[in-house]
Amino acid sequence: GTLIPYPVTGQVTRIDGTAPGAEGKKIIVIVKKDLLTGLTKTIAESMIDADARFSLSFTDARILEATFAIGFHEAALFLEPGKTYSISIAQINYDQPVEMNPFEEAQSLDITVAGSNPGDLNSLIQSFNTEYNKFVLENFNYLYRDKDKARLDTFSARMDRKFGSFNNPYFRGYVKYKTASLEQVANVMGKPHMAKKYFSDSPILYDNVEYMDLFREFFSKYITTTSRPLKFLDYTGMLIGQNSYANLMKALAADTLLRKEQLRELVLLRCLIEMYDDPLYKQESIMRLLAVISKESKYPDNRLIAGDI
């Protein structure tokens, strides 16, 4: 899509740190422009000086999952707007030649945030992920094969007890939607019930990685395959026709789970990404429609995504 200048508002986030062994190299910070397309951009970079120190800053209003990279070595941290972080990156050998094996991942960076406490976003997410991964490892068959909802309920209740007192909204969304992805695997409720519980009646968390992961997965091929009221519509005709934006939005409203316009439009964008690669649909009519949405949508986040596709 075309590049739409996006007003950079928000607060300055600063990261000061040390990376022994990487003196004279460059460190960069990469984020996703939006979490639906996954397009990335570099938002900050710094040379690492002779004392192994570096200093990075950028302006944004969102909580970002940011990837720090020195050469091929990387690691991710969640960064909150307006905060200052002091980090240290454990020493590794940056100069060994890249192995011949292209499938071998470069060694990850090991990042420590100074002065972090258990209630910080990164600490909370790491702590929850440890619990989550252990649970999935021990219970995968029960969930996948036996659709054992009770185990999932027990896990959710335990997580509530452990993390319930932390009120960070980003973290709460992260836990809610990461756990919901297990409900999808275990298929503990039908699609309509799940859509209602997690999407139709909830705000869209554009910047929450777990919300958008579940959204992408859940609404994959939704309008062409999943949704009973929508799957027999003539999308080819509607895409080619005049007023394709208004006509599609009107047609998709036949699915009561998509009665909220903002969600309906985002589901349309999700499906257009897939339809673009499907020879059934004309790519130029999809591009034309995306250009219209990126200009005319009432919702800034949807405009941004339409411009990124």
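Numbers for residues simply follow the sequence, beginning at 1. Just so it is clear, the values below take in all heavy atoms, side chains as well, and ignore hydrogens, waters and symmetry mates.
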Test item: side-chain donor near acceptor, [X] and [Y], under 3.5 Å:
X: Asp16; Y: Ser55; answer: yes
X: Asp153; Y: Ser156; answer: no
X: Tyr94; Y: Glu23; answer: no
X: Asp255; Y: Tyr222; answer: yes
X: Glu80; Y: Thr13; answer: no

Measure across [X] and [Y] and return the closest heavy-atom pair with its distance rounded to 0.1 Å.
X: Asp277; Y: Pro279; result: O-CD, 3.7 Å
X: Tyr170; Y: Phe78; result: OH-CE2, 3.5 Å
X: Ile240; Y: Arg288; result: O-NH2, 3.9 Å

Validation row: [X], [Y] side chains within 4.5 angstrom (heavy atoms):
X: Phe54; Y: Asp49; answer: no
X: Thr130; Y: Ser127; answer: no
X: Leu304; Y: Asn302; answer: no

When you measure from the centre of the six-membered ring of Tyr132, is the NZ or CZ of Lys178 under 6.0 Å away and within 45° of the axis?
yes

Compute the centroid of each ring, for [X] and then for [Y], and state whether the two points are separated by less than 6.0 Å.
X: Phe171; Y: Phe166; result: no
X: Tyr235; Y: Tyr281; result: no
X: Tyr198; Y: Tyr211; result: no

Flag if over 12 foreign heavy atoms under 6.0 Å of [atom1], [X]:
X: Lys231; atom1: NZ; value: yes
X: Tyr142; atom1: OH; value: no
X: Lys149; atom1: NZ; value: no
X: Lys260; atom1: NZ; value: yes
X: Arg14; atom1: CZ; value: no

same_hphob_cluster(Leu64, Ile305) at 4.5 Å side-chain heavy-atom cutoff:
no

With Leu248, the side-chain contact (heavy atoms from CB on, under 4.5 Å) member among Met238, Glu265, Arg264:
Met238

Just how far is it from atom NE2 of His73 to atom CD of Gln107, taken to the nearest 0.5 Å?
7.0 Å

Rounded distance [0.5 Å steps], OH in Tyr206 versus CG in Asp301:
5.0 Å

Could you check whether any side-chain N or O of Thr59 sits under 3.5 Å from a backbone N or O of Gln11, counting only pairs where one atom can act as donor and the other as acceptor?
no

Would you call the rings of Phe155 and Phe135 parallel, tilted or perpendicular if under 30° counts as parallel and over 60° as perpendicular?
parallel

